[in-house]
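Written out below as structure tokens is the structure these notes cover.
Heavy atoms only: backbone and side chains are in, while hydrogens, waters and symmetry mates are out. Chain letters run A, B, ... following the sequence lines, proteins first and then strands; every chain starts at 1.
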2 protein chains.
Amino acid sequence: MREDSIENNTHLPLLQFATSKVIAASEIYIPEGKIFKKIIYIKKGILRIFFLTASGEEKTFFFRWEGQIAAIPECIFDNQPTRQTWQALEDCELMEIDFDIVEKLSANNISLIKTRLGFAEKMFLDALKRVESFILDKPEERYQKLIIQKPEIIKRVADKHIASFIGVTPVSLSRIRKRLASQKK
Amino acid sequence: MREDSIENNTHLPLLQFATSKVIAASEIYIPEGKIFKKIIYIKKGILRIFFLTASGEEKTFFFRWEGQIAAIPECIFDNQPTRQTWQALEDCELMEIDFDIVEKLSANNISLIKTRLGFAEKMFLDALKRVESFILDKPEERYQKLIIQKPEIIKRVADKHIASFIGVTPVSLSRIRKRLASQKK
DNA sequence: GACAAAAATTAGCAAAAGATAATTTCACTA
DNA sequence: TAGTGAAATTATCTTTTGCTAATTTTTGTC
């Protein structure tokens, strides 16, 4: 099992370049349109990353929580402004590291590049798992899998955010929950 | 723009370890359950990667075509048997390289590891794009985007394979096509 | 604890999708 | 080119989802 926690890997030295940041619950951490070239480590709290649609709806793309590393691929890899908004769902404590520094440090540090490769592969696998679930499962099953795989998330995050995360409307998720509850009896 | 073609990168030397392989149209290239630890480069043709469900349905996970690199993440990263089947949809010409060799060569070759990192990042971005489309778009829109982004694929691949690729049944895709055709008039 | 605001649920209706089967079209091969 | 099998379309019916709005529940704050 891989663990994408900074503490568990061999690159603690990176932490000396990190700065702390605190975000209060419900605050916007990174607004849409920003070119955010940092790697962050979440010490505490949950972040929600969402798209704002033309009709003003917020569609949750993913969540990141304590112990995880996060970054914005488009910004880091392609120097493009992000199309998503990052919001703290709880009071968050973060560590930020400029990606430029990571780049410089890894230019001739094969071990650090391997670590980055490991992260990229893990992220890729996670994203594939998600695609798989959209291909194979009904929304109902995606919800059930989420409950099994990450039970806390259901308790810490509003249903409406879970809804778009699994690709349905809040109303539809409410009906799914009702169906599941009645099946249990 | 990244291009995931072997010829376009600086690692042509890898090719000296590659062996050729030809697969006839409709043949199974990699069966479910195999631990396939090779990197392949597709010189010609299209491969379809699908899940076989408990009820015997084939759900297309993705396609790979000429000019692309492919590998099975679970096998390469985690040494696990693949849960998908790889099938040639056209006569295919492939180059295969043992992943062990890539591992050995990249152990102390920073440039090669960077190339691998680049591939992993590109794959990750592609997978994210796909998730995004499941979150934001209706099946109809996913189909339209596919037509725009990869028009040839529609012509070279059976509709029923496209259907599960965008997350619907073949019958439903047929209705989508009918709706779109009538809107055009 | 009372109040206000947000979230979740419910209801009613329309649209879309799934399941199954029949029919038509297409593609391949003898 | 005729025939066969697979693919695509169409039809019918059921289930699920989306949309909108009303109602209930929950949450947070004073």
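Salt bridge Glu96(B)/Lys38(B): present, at least one basic N to carboxylate O contact under 4.0 Å.
Panel note: side chain Thr60(B), backbone Phe62(B); no donor-acceptor pair is recorded below 3.5 Å.
Separating the CG atom of Leu173(A) from the P atom of dA7(C) is a distance of 14 Å, rounded to the nearest angstrom. As rounded to whole Å, 12 Å separates atom C1' of dC26(C) from atom CG of Asp159(B). Taking atom NZ of residue Lys178(B) and atom C1' of nucleotide dT10(D), one finds them 7 Å apart after rounding to whole Å. Regarding Lys160(A), its NZ atom lies at a distance of 17 Å from the P atom of dG18(D), rounded to whole Å. In this structure, CZ of Arg177(A) is placed 10 Å from P of dT10(C), rounded to the nearest angstrom. The distance between atom NZ of Lys155(B) and atom C1' of dC26(C), rounded to the nearest whole Å, is 18 Å. Between Ile176(A) atom CD1 and dG18(D) atom C1' there is a gap of 12 Å when expressed in whole angstrom units. In this structure, the CG atom of Leu89(A) is 11 Å from the P atom of dA7(C), given to the nearest Å.
Checked against a 6.0 Å centroid threshold, the rings of Phe36(A) and Tyr29(A) count as neighbours. Between Phe134(B) and Phe134(A), the distance separating the two ring centers is shorter than 6.0 angstrom.
The phosphate of dT17(D) has OP1 or OP2 within less than 4.0 Å of a side-chain N or O from Arg179(A).
The environment of Lys150(B) atom NZ is dense: over 12 non-hydrogen atoms of other residues, nucleotides or ligands sit within 6.0 angstrom. Shown here is Lys114(B), whose NZ atom has more than 12 heavy atoms of other residues, nucleotides or ligands within 6.0 Å. Surrounding NZ of Lys129(B) are at most 12 heavy atoms belonging to other residues, nucleotides or ligands under 6.0 Å away.
The side-chain tip of Arg116(A) does not point at the ring of Phe119(A) from less than 6.0 angstrom away and within 45° of straight on.
Partner Ile72(B) forms a side chain to side chain contact (heavy atoms under 4.5 Å, CB included) with one of Ile30(B), Ile35(B), Ile49(B) and no other, that one being Ile30(B).
Shown for residues 134-153 of chain A: no residue has heavy atoms falling under 4.0 angstrom of DNA chain C.
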**Request:** Summarise protein proximity over nucleotides 19-30 of chain D in one line of letters, 5' to 3': B for base, S for sugar-phosphate only, - for none, counting protein heavy atoms closer than 4.0 Å.
**Result:** BB----------

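Heavy atoms of Ser174(B) sit under 4.0 angstrom from at least one base atom.
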